[in-house]
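The residues of the chain are indexed from 1 along the displayed sequence. Counting starts at 1 for both ligands and their atoms, following the listed order.
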Amino acid sequence: MKIERLDKYIWKIPKEGDMKVDAIIFTDAESVNDPQFREAMKQLMNVATLPGIVKYALAMPDIHWGYGFPIGGVAAFDVKEGIISPGGVGFDINCGVRLMKTDLTYEDVKDRMRSLVEAIYEFVPAGVGSTGDIVLGKKGLRKVLVEGAEWAVKSGYGLEEDLERIEDGGKIHPADPSYVSEEAFERGSDELGTLGAGNHFVEVQMVQEIYDEELAEFFGLEIGTITVMIHSGSRGFGHQVATDYIRLMRDNLKEHNKNLPDKQLINAPFEHPLGQAYYSAMNCAANYAFANREILGHLVRKAFWKVFGRDTRVDLIYDVAHNIAKVEEYEVDGKRRKLVVHRKGATRSLGPGSEKVPSIYREVGQPVIIPGDMGTASYLLVGTKKAEEKTFGSTAHGAGRVLGRSAALKKLDYREVLDELAEKNIVVMSKSKKTLVEEAPEVYKDVDRVVQIVHEIGISRKVARMIPLGVVKG
Ligand SMILES: Nc1nc2c(ncn2[C@@H]2O[C@H](COP(=O)(O)O)[C@@H](O)[C@H]2O)c(=O)[nH]1
Ligand SMILES: [Mn+2]
Ligand SMILES: [Mn+2]
């Protein structure tokens with residue numbers, strides 16, 4: 001594998017073999033020399049062989065190995081000649097993050113963090129296979145799949161004003177539930193308003209550093225402001241949609257997929273009926289996830305109200321998807337083109353003026369939320385025009401994993417992880433001891449490094465850094 005350095009943080013793997021385009025990687029020298037990074041690069045080179053890929057296959061600095069496509073990867077395909085791939089979206093369709101800000105300061109919460117974390121733990125169902133209070137039949141669930149977060153608000157789980165603070169208004173089209181299997185309906189019936197396990201979390205944070213005073217003021221953030229971040233997705237519903245369509249594409253598109261370098265890259269031509277069916281079913285799962293995070297936001301508000309009183313404000317700043325494929329238009333080599341942009345572990349990052357940015361944020365650009373880990377920090381940034389020009393409007397989605405789950409269990413000890421968090425005064429509650437070890441701060445890359453790279457390259461701009469005070473993990 002030949003890797004050329006183009007700039008301080010930009011690398012290129014020139015096309016070779018069946019690659020149709022180059023691979024471009026945004027990262028630092030330290031990552032390039034890591035053997036695990038090579039595994040993810042092999043996957044990126046495989047993505048570059050897929051039909052209709054446009055311009056380049058991209059890696060964000062949080063890149064790491066994933067199912068077929070690497071996590072932290074972005075690939076755009078021509079709508080006419082290109083494909084759509086479930087592996088390019090991920091099993092947790094529309095996994096994403098939301099950031100809410102409160103009118104509380106560190107002084108208000110510092111002596112009540114344990115009660116607050118306990119209240120969140122009480123209100124938010126979490127853990128493997130957890131179920132919630134909302135149980136829907138097929139008719140009810142169909143509405144969720146079409147209406148997304150709007151369904152949650154109409155049903156009393158959220159506020160009308162939240163909707164313009166969610167990517168695409170929390171509702172994506174086309175989303176036709178007739179493309180969704182019985183099994184997915186079954187799995188989705190009682191998991192709305194649940195966090196899930198592992199990497200999913202609710203985290204109470206404090207703004208600890210501000211990089212852009214004007215933007216921070218615009219978002220209502222000051223040093224000491226208490227924020228809350230929620231990370232979850234489409235639960236078993238999205239997983240089933242992905243599973244169903246991987247099988248359908250494997251069984252029905254044998255000829256089309258016969259030369260794949262990796263069978264996990266299974267895909268359908270975007271315009272093929274199966275490509276269109278997956279696109280629609282995937283959007284149903286995306287809407288399920290938007291509704292899920294809206295309900296989780298409502299449950300977190302209730303937890304704050306229980307501890308700090310009903311007049312406490314917990315306002316949504318923004319909610320982003322980081323596992324999704326979307327039809328978007330970008331200028332490529334001087335020509336406007338309609339593309340199916342796959343962001344698998346990547347955040348959309350649209351600049352000021354973009355019509356896809358809600359009007360309340362259009363003058364500053366789309367809010368970008370990058371979580372780090374439960375012991376270090378997370379960030380609020382804004383999208384940029386440069387991202388629209390260079391990365392199909394994309395940036396990083398997290399710090400990115402460096403240690404696999406089983407390696408973490410071998411290397412780290414539950415008691416030590418707890419002690420490390422306690423030393424930093426971070427209150428943590430988790431459904432499982434194993435999860436806490438698998439998700440220890442050490443398993444993730446240094447988020448400060450990742451964010452500095454996307455900031456310096458200019459594909460998003462730092463606004464504020466938040467540190468964790470209390471975490472609920474699935
Ligand atoms: N602030 C926190 N960030 C966390 C925590 N656990 C994981 N993470 C970060 O989230 C991203 C999401 O990635 P995904 O691909 O698993 O969806 C991950 O890369 C980490 O950087 C946490 O408890 N708190
Ligand atoms: Mn997820
Ligand atoms: Mn995620």
Starting from atom 18 (C) of ligand 1, what is the nearest protein heavy atom, named by residue and atom, and what distance separates them? Tyr444 CE2, 3.5 Å
Metal site the Mn ion (ligand 3): N/O/S of His397 inside 2.8 Å: no
I want to check something: taking the side chain as every heavy atom from C-beta on, are Val89 and Lys344 in contact at a cut-off of under 4.5 Å? no
Are the side chain of Lys171 and the backbone N or O of Asn287 linked by a donor-acceptor pair below 3.5 Å? no
Which ligand 1 atoms, with their elements, are less than 4.0 angstrom from a heavy-atom of Glu439? 6 (N), 7 (C)
When you check the gap from the basic side-chain N to the acidic O, do Glu438 and Lys434 get nearer than 4.0 Å? yes
Is Asp373 close enough to touch ligand 1? Criterion: a residue heavy atom under 4.0 Å from a ligand atom. yes
Test of understanding: given a 4.0 Å heavy-atom threshold, classify the contact between Met229 and ligand 1 as side chain, backbone, both, or neither. neither
At the 4.0 Å heavy-atom cut-off, does His322 count as touching ligand 1? yes
Answer yes when Asp168 and Lys326 have at least one side-chain N-carboxylate O distance shorter than 4.0 Å, and no when they do not. yes
Nearest protein heavy-atom contact for atom 13 (O) of ligand 1: which residue, which atom, what distance? His397 NE2, 3.0 Å
The Mn ion (ligand 3) - closest N/O/S atom in His231: NE2
Going by the side chain to side chain contact (heavy atoms under 4.5 Å, CB included) test, name the single residue among Leu99, Val300, Ile120 that passes it with Ile230. Val300
Please say whether more than 12 non-hydrogen atoms of neighbouring residues, nucleotides or ligands are located less than 6.0 Å from CD in Glu122. yes
Where ligand 1 meets Gly400 - atom numbers and elements under 4.0 angstrom, heavy-atom basis: 19 (O), 21 (O)
So, Glu147 and Arg142, do they make that salt bridge, N to O below 4.0 Å? no
Any salt bridge between Asp62 and Lys445, counting N to O under 4.0 Å? no
Please state which part of Glu203 comes within less than 4.0 Å of ligand 1, counting heavy atoms only: side chain, backbone, both or neither. side chain
Closest heavy-atom approach to atom 1 (N) of ligand 1 among Gly233, Ser378, Gly398, Gly90 is made by Ser378
Less than 4.0 angstrom from a charged side-chain N to a carboxylate O is my criterion; do Asp319 and Arg165 meet it? no
Aromatic ring pairing His397/His64, orientation class (parallel under 30°, perpendicular over 60°, tilted between): parallel
N or O pair under 3.5 Å between Asn199 and ligand 1: yes
Asp92: its N/O/S atom lying closest to the Mn ion (ligand 2) (atom name): OD2
Taking N, O or S atoms only and a limit of 2.8 Å, check whether His200 reaches the Mn ion (ligand 2). yes
Does the distance from a Lys or Arg side-chain N to an Asp or Glu carboxylate O, for Arg313 and Asp315, drop under 4.0 Å? yes
For atom 10 (O) of ligand 1, what is the closest protein heavy atom, and at what distance to 0.1 Å? Pro371 CG, 3.4 Å
Aromatic plane relationship, Phe69 with His342 - under 30° parallel, 30 to 60° tilted, over 60° perpendicular: parallel
Under 4.0 Å from a heavy atom of Gly372: give me the atoms of ligand 1 that qualify, with their elements. 1 (N), 3 (N), 4 (C), 8 (N), 9 (C), 20 (C), 21 (O)
Checking the N or O distance criterion of under 3.5 Å, is ligand 1 in contact with Phe201? no
Among all the protein's non-hydrogen atoms, which is closest to atom 6 (N) of ligand 1, and how far away is it? Lys473 NZ, 2.9 Å
Any heavy atom of His231 under 4.0 Å from ligand 1? The part involved is side chain
If you have a sec, read the angle at the Mn ion (ligand 3) from Cys95 atom SG over to His322 atom NE2, to 10 degrees. 110°
